[in-house]
Amino acid sequence: MRKNKIFVACDSTNIPKIRNIINKTKNSKLIVGYKFGLEFLNSKKGRNFISNLKKEIIFADLKLHDIPNTCVSTIKAIKDLKINYLTMHISSGLKALSSAKKITGRIKLIGVTILTSLDNKALKEIGFNKDVKKLVLHQAKLATKAKLDAIVCSAQEVSLVKKVFKKEIITPGIRFDSNKNDQKRTVTPKQAYINGSDWLVIGRPITKGNIKKNINTLLYHLNQ
Ligand code: C5P
């Protein structure tokens with residue numbers, strides 16, 4: 001049977017805690033990668049820690065959002081790390097995305113659509129006129145145009161994205177129960193895979209509390 005794939009969001013600056021997350025999430029029934037975001041990558045020991053991770057699937061969630069030149073320079077600056085996936089906001093624009101894609105080499109460049117912490121009300125506040133679904137679809141087309149390797153969206157939009165984007169789809173905003181924290185567009189793990197997600201990104205539902213127990217809860221949910 002094909003194994004389900006998850007990225008565990010390592011959102012902490014505490015190295016022993018991150019080590020513990022990596023050790024306790026290893027499971028023969030899952031393919032597990034590790035996602036390091038702005039919090040860890042900006043911490044004093046974070047970058048060095050990642051440079052010593054040789055065997056893991058590493059997802060650098062830098063969420064680049066800048067002019068083409070700065071995005072390209074930043075990618076060059078992290079190339080010494082053995083990173084498998086790197087994120088960039090699609091709203092950086094086509095020129096920035098295409099320029100970045102030209103120099104990422106074997107690093108898979110992931111386009112981030114509308115954050116899963118935003119809903120239609122929040123988009124209106126920012127000043128966007130389109131609703132979430134229309135914007136995500138629009139951005140997925142741009143990701144295809146820029147030849148990106150993967151896309152991040154909510155699992156609520158996967159079927160829509162699949163119509164226009166044919167590569168890997170990665171979905172955060174995964175929740176096992178009603179505790180959404182700061183997320184708005186949440187989906188259960190099982191439903192996310194049914195919808196067609198290739199990878200789920202899961203943070204707090206796994207990393208808070210008893211990690212091994214949380215992994216077993218995830219596997220239980222997937223088998224229901
Ligand atoms: O703890 P939780 O499961 O909400 O963590 C989700 C992770 O995915 C966080 O590290 C967050 O930065 C990231 N993420 C997200 N929504 C996106 C892109 C990334 O929640 N659209």
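Every number for a ligand or one of its atoms is a count from 1 in the order of the listing.
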Quick one: does ligand 1 sit under 4.0 Å from the side chain of [X], the backbone, both or neither, non-hydrogen atoms only?
X: C153; answer: neither
X: V152; answer: side chain
X: L115; answer: both
X: N181; answer: neither
X: K184; answer: neither

For atom 12 (O) of ligand 1, what's the nearest protein heavy atom and its distance? K63 NZ, 3.5 Å
In the protein, which heavy atom is nearest to atom 13 (C) of ligand 1, and how far is it? K35 NZ, 3.5 Å
Any side-chain heavy atom of E56 within less than 4.5 Å of one from K26? yes
Between L148 and I110, is there a side-chain heavy-atom distance shorter than 4.5 Å? no
Under 4.0 Å between a Lys/Arg side-chain N and an Asp/Glu carboxylate O for D149 and K101? yes
Please answer whether the main-chain N or O of K5 pairs with a side-chain N or O of Y193 as donor and acceptor at a distance below 3.5 Å. yes
Short question: side chain of K3, backbone of S28 - any donor-acceptor pair under 3.5 Å? yes
For C10 and F40, which heavy atoms make the closest approach, and how far apart are they? O-CB, 4.1 Å
Pull out every atom of ligand 1 sitting under 4.0 Å from any heavy atom of R175, numbered as shown with elements. 1 (O), 2 (P), 3 (O), 4 (O)
Just distances here: any N/O of V112 and N/O of ligand 1 closer than 3.5 Å? no
Does any N or O of ligand 1 fall below 3.5 Å from an N or O anywhere on R204, backbone included? yes
